[in-house]
Amino acid sequence: MSARPILPSPQAGDLLSWYDRHRRRLPWRAPPGEAADPYRVWLSEIMLQQTTVATVGPYFERFITRWPSVEALAAAPLEDVLAAWAGLGYYARARNLHACARVVAGTHGGRFPDTEVGLRALPGVGPYTAAAIAAIAFGRPAAAVDGNVERVITRLHGIDTPLPEAKAQIRARTLDLVPEDRPGDFAQALMDLGASLCSPKRPACALCPWRDCCVANARGDAETLPRRAAKPERPTRRGAAFWAERGNGTVLIHRRPPKGLLGGMDGLWLTPLSADIDPAEARAHAPFPARWNRIAGEVDHLFTHFRLRLTVFAATDVTAFAPTGSRWVSKAELAEVGFPTVMRKAAQHALRALHGPGAEALAAFRRRRPTRT
DNA sequence: TACACGTGGTC
DNA sequence: TGACCAAGTGT
């Protein structure tokens with residue numbers, strides 16, 4: 001062990017002063033000094049789980065415009081909420097969001113619980129989100145530890161223990177720092193610091209309000225923290241998707257079962273997904289007998305835990321009835337149907353093959369790009 | 001504890 | 001192209 005210089009202790013006030021000068025202006029944040037709206041804080045926190053600020057922005061605006069209150073959201077049909085969520089990913093969040101809105105509107109009189117423990121009991125609200133809402137919306141001195149905070153705190157204290165083992169230590173160290181006043185600003189300041197200066201790669205330590213008390217900065221190894229356990233490799237699964245059109249131009253849409261992968265979402269009819277599937281044999285899993293033509297090429301999509309390679313089959317002038325859970329939808333209505341991204345890719349693949357790159361229906365599957373901030 | 005669960009941007 | 005990672009939760 002080499003001797004290290006003794007560093008001063010980090011002070012919340014130094015971070016808060018930095019935050020007062022550099023805070024990000026985000027649609028869900030209250031102006032300085034004003035009280036935050038718990039509904040907006042909650043909605044944004046759920047959307048921001050594992051999702052970037054730039055991606056969330058347009059979704060947040062659409063949700064707030066369409067459902068301005070938790071009561072309005074609770075009154076909406078689940079399928080409308082899922083369709084509005086389409087493209088954001090982790091669809092269990094949308095199902096839990098809806099369930100949570102119904103609990104808050106139904107049994108809490110439309111008011112969110114104002115403590116960490118109370119919030120933690122809501123569907124879709126885990127330890128991070130409960131702490132974030134408690135601090136930001138209700139001024140509770142809670143430690144909201146997300147990926148940003150894990151990075152800031154492991155660097156600040158030079159924690160070499162890999163994640164997730166280090167989580168308890170990080171949480172304790174964070175709680176030590178939370179100030180009695182402005183705990184909500186402190187939580188957001190920590191996240192802003194992690195999102196800007198204390199970035200995963202090439203952190204801007206020279207500009208950091210905590211540069212003089214940061215162990216990793218003193219050592220010069222900030223970029224190597226936090227350490228993480230090695231990730232398991234991602235297997236490849238295969239399957240087939242079926243695109244069917246009737247003579248009147250309607251297409252077959254299938255609603256997936258309520259739980260599991262893409263639960264409750266609309267999309268193309270899929271075979272079961274497995275490690276290896278014979279494309280010829282895939283026809284046996286078609287929604288109904290028809291002249292299924294295999295479209296050249298494959299659709300490649302990366303999920304968190306596996307890679308999916310989809311073969312797409314198409315049939316036109318179909319006369320079959322829609323199976324249970326499926327329905328025929330006009331191409332005009334397709335724009336209203338929310339497809340997860342992998343389904344969007346499969347639909348585009350079929351439409352381009354059948355009708356060329358200028359196919360009008362392709363517009364329904366063009367990604368709604370977030371505007372860069 | 002470990003794994004299921006989406007997507008897009010960046011390097 | 002691939003690896004990483006982003007305001008995590010539920011089981």
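Protein chains get the first letters and strands the later ones, always in sequence-line order, with residue 1 at the start of each.
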Euclidean distance for [atom1], [N] against [M] (whole angstrom):
{"N": "B/dG8", "M": "C/dT9", "atom1": "P", "value": "22 Å"}
{"N": "C/dG10", "M": "B/dT1", "atom1": "C1'", "value": "14 Å"}
{"N": "C/dC5", "M": "B/dC5", "atom1": "P", "value": "22 Å"}

Do A/Phe60 and A/Leu26 pass the side-chain contact (heavy atoms from CB on, under 4.5 Å) test, and can you show the C-alpha distance, the side-chain angles, and the key distance before you say yes or no? CA-CA 10 Å; A/Phe60 178 82; A/Leu26 301 170; over 6 Å; no
Exam field: side chain A/Ser17 to backbone A/Asp14, donor-acceptor pair closer than 3.5 Å: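 Flag not set: sc A/Ser17 to bb A/Asp14 has no pair under 3.5 Å.
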Could you tell me whether the side chain of A/Arg23 and the main chain of A/Gln188 form a donor-acceptor pair under 3.5 Å? no
Base of C/dG8, side chain of A/Thr129 - is there a donor-acceptor contact under 3.5 Å? no
Does any N or O donor sit under 3.5 Å from an N or O acceptor when you compare the side chain of A/Thr51 with the base of B/dG6? yes
Starting at atom [atom1] of [X], determine the distance to atom [atom2] of [N], rounded to an integer number of angstrom.
{"X": "A/Arg171", "N": "C/dG8", "atom1": "CZ", "atom2": "P", "value": "15 Å"}
{"X": "A/Leu273", "N": "B/dA4", "atom1": "CG", "atom2": "P", "value": "13 Å"}
{"X": "A/Glu223", "N": "C/dC5", "atom1": "CD", "atom2": "P", "value": "11 Å"}
{"X": "A/Asp146", "N": "C/dC5", "atom1": "CG", "atom2": "P", "value": "14 Å"}
{"X": "A/Phe306", "N": "C/dG2", "atom1": "CZ", "atom2": "P", "value": "17 Å"}
{"X": "A/Leu163", "N": "C/dC4", "atom1": "CG", "atom2": "P", "value": "14 Å"}
{"X": "A/Glu233", "N": "B/dC3", "atom1": "CD", "atom2": "P", "value": "13 Å"}
{"X": "A/Met191", "N": "C/dC5", "atom1": "CE", "atom2": "C1'", "value": "17 Å"}

Within the 4.0 Å heavy-atom criterion, would you say [X] contacts the bases, only the backbone, or no part of the nucleic acid?
{"X": "A/Leu26", "result": "base"}
{"X": "A/Val342", "result": "sugar-phosphate"}
{"X": "A/Thr341", "result": "sugar-phosphate"}
{"X": "A/Arg202", "result": "nothing"}

Judged by each residue's nearest nucleotide on DNA chain B, which is more toward the 5′ side, A/Tyr91 or A/Glu165?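 Between the two, 5'-proximity favours A/Glu165.
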Which is more 5' along DNA chain B, the nucleotide nearest A/Arg93 or the one nearest A/Pro164? Just name the residue.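 Looking at DNA chain B, the more 5' nearest nucleotide goes with A/Pro164.
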Hey, is the side chain of [X] poking within less than 4.0 Å of OP1 or OP2 on [N], counting only N and O atoms?
{"X": "A/His301", "N": "B/dT7", "result": "yes"}
{"X": "A/Arg307", "N": "C/dG2", "result": "yes"}
{"X": "A/His305", "N": "B/dC3", "result": "no"}
{"X": "A/Arg95", "N": "B/dC5", "result": "no"}
{"X": "A/Thr52", "N": "B/dT7", "result": "no"}
{"X": "A/Gln49", "N": "C/dG8", "result": "no"}

Given [options], which nucleotide is nearest the side-chain atoms of [X]?
{"X": "A/Arg120", "options": "C/dG8, B/dG8, C/dG10", "result": "C/dG10"}
{"X": "A/Lys231", "options": "C/dC5, B/dT7, B/dG8", "result": "C/dC5"}
{"X": "A/Arg228", "options": "C/dG8, C/dC5, B/dT7", "result": "C/dC5"}

Taking everything shown except A/Arg227 itself, do over 12 heavy atoms lie less than 6.0 Å from its CZ? yes
side-chain hydrogen bond (donor to acceptor under 3.5 Å, both in side chains): which pairs involve residues 229-242 of chain A, sequence neighbours left out?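 Sorted result for residues 229-242 of chain A: A/Arg238-A/Glu298.
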Taking the nucleotide of DNA chain C with the closest heavy atom to each, which residue, A/Gly124 or A/Arg29, is nearer the 5' end?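 The residue whose closest nucleotide sits nearer the 5' end is A/Arg29.
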Taking for each residue the nucleotide of DNA chain C bearing the nearest heavy atom, is the 5' side occupied by A/Asp192 or by A/Pro123? A/Asp192
What is the ring orientation for A/His301 with A/Phe303, classed by angle as parallel under 30°, tilted 30 to 60°, or perpendicular over 60°? perpendicular
Contacts to DNA chain C from residues 32-46 of chain A, heavy-atom cutoff under 4.0 Å, which residues?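 When residues 32-46 of chain A is checked for heavy atoms under 4.0 Å from DNA chain C, the hits, listed by number, are A/Glu45.
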In residues 251-262 of chain A, what residues come within less than 4.0 Å of DNA chain C, judged by heavy atoms? none
What verdict does the side-chain contact (heavy atoms from CB on, under 4.5 Å) test give for A/Trp28 and A/Ile64, after you've listed the backbone C-alpha separation in whole Å, the side-chain angles of each residue and the deciding distance to 0.1 Å? CA-CA 10 Å; A/Trp28 44 87; A/Ile64 283 293; over 6 Å; no
Salt bridge check: are A/Asp80 and A/Arg66 linked by an N-O gap of less than 4.0 Å? yes
Does anything in residues 106-143 of chain A pair up under ring pair (Phe, Tyr, Trp, His ring centres under 6.0 Å), and if so which pairs, sequence neighbours excluded?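 For residues 106-143 of chain A: A/Trp42-A/Phe112.
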Could you name each residue pair satisfying ring pair (Phe, Tyr, Trp, His ring centres under 6.0 Å) that touches residues 337-361 of chain A, not counting sequence neighbours? A/Phe339-A/Phe365
What residues, two or more places apart in sequence or in another chain, satisfy ring pair (Phe, Tyr, Trp, His ring centres under 6.0 Å) together with A/Trp210? none
Shortest non-hydrogen contact from A/Trp85 to A/Leu97? CZ3-CD2, 3.9 Å
